[in-house]
Amino acid sequence: MLMISLAHLLGRVITWSILAAVFLVPLAFAPWTFEAFEFNKQYVLVFLALLGGTAWIARLVLDKKHALVFVPSLILFPALALLMVTALSVIFSEDLPASLFGFYGRFSDGFLGLISCATLSFLLFQEVKAGAADLTQKVWRTLLVAMGVCASVAFLSLFGAWKHIEFLPSLMQEGVFTLAAASLEGFAVLLAVFFPLILASLLLDLAPGSFWEKAQWVLLAVFFTLIAAADFLAAWIVLVAGLLVFAAWVLWQKEFSKESPFHQLVIPGFFLALSLLLLLSPLQLPLAQDREPELLLSQEVSWRVGWNTAKEQGKNLLIGSGPGTWALGFTEHKPLEFNQTAAWGIRFDRPASHLAEVLATTGLLGFLSLLLLIGIFLVASLFFISYAKRKKEREELPYANIAFLGICVLLVASLAYYQNTVLQLLFWIFLGMGAALWKGAEGWRVSFGRSQGAFLISRAVLLLIGLGFFWFSQAGARWYVADMHYLNSHAHASSLFDERIKEAEKAVLLNASQAEYRIHAAKLFLSRALAEFTKPEGEQDAAAASQDVQRALAFAQRAVELSPNRVASWETAGAIYRDIGGAPGALDWGIKAFERALALEPASPVLATELGKLYLAKGGMEKAKQKFEEAIQMRPAYYDAHIQLAGAEEREGKSERALSRLEQLVGRDPFNMEILFQLGKLYYNSNNVESAVLSLRKVLDLSPNHSNARYALGAAYEKQGKIDLAIQQFERVLQLNPEHQNVKEKLRQLQGK
């Protein structure tokens, strides 16, 4: 009796884990972590998959009536192949932590999330095959409720409902807030996926005349309004393609339920025409105009990066660079022409197409396994639906049709948009739902515990899994708290180094494997050290500053060890060595760090320029000029490279050439303060004091508190013999920098004349 009750309880845990996942994952949101959306969704997803999977294994071991069901279905093999290829790709990944847990800041591209979704899909399959036929209906209705809640929140946000409620998180008060995705664009894609599925649900009369039918009509109207508000090309493509697939599916079905209000394709045809009109119209609806649109790569760049990453080496061609490593492939293989776009300085951690990412991160084997999985599922679903119609077996047809349509539309979405946690979960839930409803051979069952040896082994396995669940739960809790400390470190004012460093160190202590936290801590220690060095000589704590420098280096070096193929790790280490260039060997180490960073991001004008600066400081004039010229070739509008090259030319005695270069830059950008300032200095050094004064005064017109420009202007006035004007400038500099000893000395000299 106790065993029966335990088996029943475990079965309830399995069922509720599945339903909780499809309900809570779209809703998961918490403002107390650095990334409020995907980070929390992944936690909910992994926890519920672990809970359901552990309960299923416990029931399998403890209850002889429940067994692992093997159905001779072709879908099993491509699904296992996809998981095995991805696991192999993780083992040989270019960034193991990112492959396991997802790239920091994105989180939805790790192996842990994939295996969690596959686990929930497997549990759904098992429970339906074990006799829980109504579970598919519960899953579908739970999804509708979750999406209804998300859409309601976004719809109210669209009309400013949350802006004036002070106790709500600030994220809910800025722009259009959505729960299921971090952007309105991503949410619109998700709504576009559901739109034809709701039409199919209404057509199939799953709840005629009930609350569910009325609610779905309301959802259609709200969903379309939000899609129109986003006005996102990928969402329109998914919606139009989904409606066309729906129309083809209706024509293929040939017969309708007698109670259905649909006798023609009037409703989907209306939405299709309206979608095309809004897509092709140059006019924009006056909705959500005050928001910042999501910045995405183009499809062309995404596929170029994906293919170039895959063909980089034999291993990548077969199994890719590893899940969660799209950002690494982008930095290494982004095309040079990308530097001419407005987003040239962004290191994108996601593509415009999920399939392009699959190609890059899991290679041809992963790419083909995914397409094979989808293809076999769709073909098998068509055969089953046709068979069930001929045999008049209509009980499983509705949800098999929804699963079939869902995978079709998600395939389009994977071409038009990247994959987030909710889209990934939907894909695997529809796979499990559809495959579980297929009719065919009953398969065979494998049960444990029927012999003494199996009894001991199965319980030992259960114990290990239980211990693993306990360990991962406490580890996950520590990592979650670590991210809260990381957010707190960013939340403090930039000048509060002690508070920010304290929070950053807590984050590192709780999650020592996250390179992002160490990079952040290294930057904070360096900033505090540099701030100490800027104090008057008598007030400096040289020992404390030196200790901060050492700790900054230690954190940066460990970040490099954790993620040796990540540009930011090497860039941080190089910046530290650069800023402590007076230390023995620092310039050499800085050069090595920036050389490695540039090798990982060869099309970066910023890294090329920084490396050139270090070559110049080391005395390598030709190497420095070469890097500055390379940076200019990468991005002609990168002014820092021009300024540095002009400075190198001046040092070579080519002042006229340097002046000509900077004058041309001023002609392109007459309000750039840095160019004007450097031009003024160059005029001064060339004894063209009058032009120097004009250039420096333009800087001060743009920024009256530019103390370096005021100091240079004071020196220019002094050179002209205009002592009173020079004193005025130096006094203003002293007001801005009260402890500046050189300025005090300069004033004493001038006032004594």
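Hydrogens, waters and symmetry mates play no part in the numbers below; they use all other heavy atoms, side chains included.
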Is the closest side-chain heavy-atom distance between [X] and [Y] below 4.5 Å?
X	Y	answer
D579	F533	no
L171	F29	yes
Q424	H354	no
L553	I580	yes
V567	L607	yes
L700	H706	yes
N672	V666	no
T86	P323	yes

Closest non-hydrogen atom pair between [X] and [Y], with its separation:
X	Y	result
E185	E294	OE2-N, 3.3 Å
A482	N511	CB-CB, 3.8 Å
T362	S89	CA-OG, 4.2 Å
L359	A310	O-CB, 3.7 Å
A712	F677	CB-CE1, 4.2 Å
L679	L659	CD1-CD2, 3.9 Å

Would a distance-only check, ignoring hydrogens and angles, find a side-chain to backbone donor-acceptor pair under 3.5 Å from [X] to [Y]?
X	Y	value
S353	S414	yes
S695	L676	yes
S99	G324	no
R558	A515	no
W570	V560	no
S569	N565	no
N339	A603	yes
T331	L328	yes
S546	A542	no
S660	E656	no

Does [X] come within less than 4.0 Å of [Y], counting only side-chain N to carboxylate O?
X	Y	value
E650	K681	no
K625	E649	no
E532	R528	no
E571	R347	yes
E610	K613	yes
E561	R518	no
E38	K41	no

How long is the gap from [atom1] on [X] to [atom2] on [Y], to the nearest 0.5 Å?
X	Y	atom1	atom2	value
L682	R661	CG	CZ	11.5 Å
L587	R578	CG	CZ	11.5 Å
L364	I319	CG	CD1	11.5 Å
K623	I591	NZ	CD1	7.5 Å
T609	L616	OG1	CG	12.0 Å
Y639	L645	OH	CG	15.0 Å

Side chains of [X] and [Y]: is there a donor and an acceptor less than 3.5 Å apart?
X	Y	result
Y480	N40	yes
H333	E312	yes
H642	Y638	no
E630	Q626	yes
R732	Q729	no

For [X], is the [atom1] atom crowded, meaning more than 12 foreign heavy atoms sit under 6.0 Å from it?
X	atom1	answer
R697	CZ	no
K523	NZ	no
R651	CZ	no
Q340	CD	yes

Original post:
Which of these passes ring-ring contact (aromatic ring centres under 6.0 Å, His included) with F34: F107, Y486, F39?
Top reply: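 Result for ring-ring contact (aromatic ring centres under 6.0 Å, His included) with F34: Y486.
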
Original post:
Quick one: which of Y104, Y517, F101 gives a ring-ring contact (aromatic ring centres under 6.0 Å, His included) with W479?
Top reply: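 Single ring-ring contact (aromatic ring centres under 6.0 Å, His included) partner of W479 among Y104, Y517, F101: F101.
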
Subject >> Non-neighbouring partners of Y417 that pass ring pair (Phe, Tyr, Trp, His ring centres under 6.0 Å), sequence neighbours left out >> reply: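 Checked Y417 against ring pair (Phe, Tyr, Trp, His ring centres under 6.0 Å); matches are F232.
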
Original post:
Who passes ring pair (Phe, Tyr, Trp, His ring centres under 6.0 Å) against F555, sequence neighbours left out?
Top reply: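 Expected list: F525.
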
Original post:
Taking it one step at a time, do I501 and R551 satisfy side-chain contact (heavy atoms from CB on, under 4.5 Å)?
Top reply: CA-CA 11 Å; I501 286 174; R551 300 198 70 182; 5.9 Å; no

Subject >> Sequence neighbours excluded, every pair satisfying salt bridge (charged side-chain N to carboxylate O under 4.0 Å, His left out) that has a member inside residues 95-106 >> reply: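 Of all non-adjacent pairs touching residues 95-106, those that pass salt bridge (charged side-chain N to carboxylate O under 4.0 Å, His left out) are R106-D109, R106-E357.
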
Subject >> Positive for salt bridge (Lys or Arg N to Asp or Glu O under 4.0 Å) with R566, one of E94, E516, E332 >> reply: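 For R566, the salt bridge (Lys or Arg N to Asp or Glu O under 4.0 Å) check succeeds only for E516.
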
Subject >> Derivation of the side-chain contact (heavy atoms from CB on, under 4.5 Å) call for T325 and S93 >> reply: CA-CA 8 Å; T325 61; S93 172; 3.7 Å; yes

**OP:** May I ask you to decide if the ring planes of F330 and F348 are parallel, tilted or perpendicular, using 30° and 60° as cut-offs?
**Re:**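 Geometry flag for F348 against F330: perpendicular rings.
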
**OP:** Any chance you could lay out the side-chain contact (heavy atoms from CB on, under 4.5 Å) test for T572 and I576, step after step, and finish with the verdict?
**Re:** CA-CA 6 Å; T572 302; I576 295 171; 4.3 Å; yes

Subject >> Working for side-chain contact (heavy atoms from CB on, under 4.5 Å), residues L614 and D588 >> reply: CA-CA 8 Å; L614 291 181; D588 292 330; over 6 Å; no

